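Fair warning: this is a prediction, and the values are worked out from it, not measured in the lab.
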Amino acid sequence: ERLDWGELGWVSRPANGAAQIVAIEVTLLPGKGHNFHKHPEQEEVIYVLAGVVEQWLDGAAQTLRAGDSVFIAPGVVHASFTAGDQPARLLAILSPCIGDGGYALVDVSGDAPWNTLR
């Protein structure tokens with residue numbers, strides 16, 4: 001699935017038989033990212049496969065590199081942006097599956113304070 005900020009490669013979701021785990025290989029294009037959002041009823045783990053990522057959790061940013069990971073509790077606002085001049089590749093794993101698509105996302109990128117952080 002191609003988006004303006006990158007690509008999603010669906011590894012596991014209800015459409016291919018998953019009942020509990022959604023897994024997505026994510027490619028973030030240079031200078032782009034997946035803006036501030038939350039998953040109210042799902043845990044998430046982001047594992048960096050390649051590249052450098054500016055990873056936001058609540059109001060704090062950290063730099064993640066290949067081999068680094070972060071756990072995101074349900075309802076925690078987060079965002080991921082490429083921090084280098086090369087694409088970044090991530091594996092995002094969410095649980096449990098919700099709905100036909102497997103995950104529920106609430107975009108908060110237009111809300112304060114998220115719209116002022118980056």
Side-chain angles (χ1 to χ4, degrees):
E1 182 176 342
R2 294 183 192 270
L3 304 165
D4 63 343
W5 50 263
E7 295 181 357
L8 302 176
W10 295 94
V11 177
S12 171
R13 64 178 172 171
N16 53 9
Q20 295 299 318
I21 298 173
V22 175
I24 312 160
E25 185 175 341
V26 179
T27 300
L28 302 174
L29 297 173
K32 303 286 186 175
H34 190 353
N35 221 335
F36 292 94
H37 64 283
K38 61 184 174 179
H39 308 281
E41 300 173 31
Q42 293 175 291
E43 297 179 329
E44 182 174 10
V45 171
I46 295 176
Y47 178 80
V48 180
L49 299 168
V52 182
V53 175
E54 177 186 314
Q55 181 64 55
W56 286 82
L57 291 176
D58 276 334
Q62 60 185 305
T63 300
L64 302 178
R65 291 176 169 72
D68 292 338
S69 63
V70 64
F71 170 78
I72 305 163
V76 173
V77 175
H78 57 285
S80 305
F81 300 95
T82 300
D85 59 359
Q86 298 295 315
R89 286 184 33 246
L90 316 171
L91 180 61
I93 302 165
L94 297 95
S95 182
C97 289
I98 293 180
D100 293 338
Y103 76 107
L105 178 144
V106 177
D107 182 352
V108 297
S109 62
D111 301 338
W114 318 113
N115 59 355
T116 64
L117 290 181
R118 191 166 196 285

### Message
Looking at every heavy atom in both Pro14 and Gly102, which two are closest together, and how far apart are they?
### Response
CD-CA, 3.5 Å
### Query
In the hydrophobic clustering (ILVMFWY, side-chain contacts below 4.5 Å, transitive), which residues join Val45, or is it alone?
Phe71
### Query
side chain to side chain contact (heavy atoms under 4.5 Å, CB included) with Asn115: which residues, sequence neighbours excluded?
Ala112
#### Entry: Shortest non-hydrogen separation from Thr27 to Arg89 and the atoms involved
OG1-CG, 3.8 Å
### Task
Give a yes or no on whether Ile21 and Val70 share a hydrophobic cluster (residues Ile, Leu, Val, Met, Phe, Trp, Tyr; joining criterion: side-chain heavy atoms under 4.5 Å apart).
no
### Task
Not counting sequence neighbours, list each pair that qualifies as a side chain to side chain donor-acceptor pair (under 3.5 Å) and has a residue in residues 5-15.
Glu1-Trp10, Arg2-Glu7
## Note on the structure
So CG of Leu3 and CG of Leu8: to nearest 0.5 Å the spacing works out to 5.0 Å
Scan the side chains in residues 55-63 for donor-acceptor partners under 3.5 Å anywhere in the protein, sequence neighbours excluded, and list what turns up.
{"residue": "Gln55", "atom": "OE1", "partner": "Ser80", "partner atom": "OG", "Å": "2.6"}
{"residue": "Gln55", "atom": "NE2", "partner": "Ala79", "partner atom": "O", "Å": "2.9"}
{"residue": "Gln55", "atom": "NE2", "partner": "Ser80", "partner atom": "OG", "Å": "3.4"}
{"residue": "Trp56", "atom": "NE1", "partner": "Glu54", "partner atom": "OE2", "Å": "2.5"}

### Query
Taking His34 as the fixed residue, which of Leu90, Leu105, Ile46 is the one that meets the side chain to side chain contact (heavy atoms under 4.5 Å, CB included) rule?
Leu105
### Message
Looking at Val11, is its backbone amide N or carbonyl O close enough to the side chain of Asn16 to form a donor-acceptor pair, meaning the two atoms are under 3.5 Å apart?
### Response
yes
### Query
Are Ile24 and Phe81 co-members of a hydrophobic cluster defined by side-chain heavy atoms under 4.5 Å apart?
no
### Query
Please, which pairs that meet side chain to side chain donor-acceptor pair (under 3.5 Å) have at least one residue in residues 41-53, sequence neighbours excluded?
His39-Glu44, Glu44-His78
### Query
Can you tell me if Thr82 uses its side chain to pair, donor with acceptor, with the backbone of Leu29 under 3.5 Å?
yes
### Query
Roughly how far, to the nearest 0.5 Å, is the CH2 atom of Trp114 from the NZ atom of Lys38?
9.0 Å
### Query
What is the distance from atom OG1 of Thr116 to atom CG of Asp111, rounded to the nearest 0.5 Å?
11.0 Å
### Query
If you group Ile, Leu, Val, Met, Phe, Trp and Tyr by side-chain heavy-atom gaps below 4.5 Å, do Val53 and Ile72 land in one group?
yes
### Message
I need the minimum non-hydrogen distance between Pro30 and Pro87, along with the two atoms involved.
### Response
CG-N, 3.7 Å
### Query
What do you reckon, is CG of Leu49 surrounded by more than 12 foreign heavy atoms closer than 6.0 Å?
yes
Please list, one pair per line, the donor and acceptor atoms closer than 3.5 Å that link side chains of residues 93-101 to other protein atoms, with sequence neighbours excluded.
{"residue": "Ser95", "atom": "OG", "partner": "Gln20", "partner atom": "O", "Å": "2.9"}

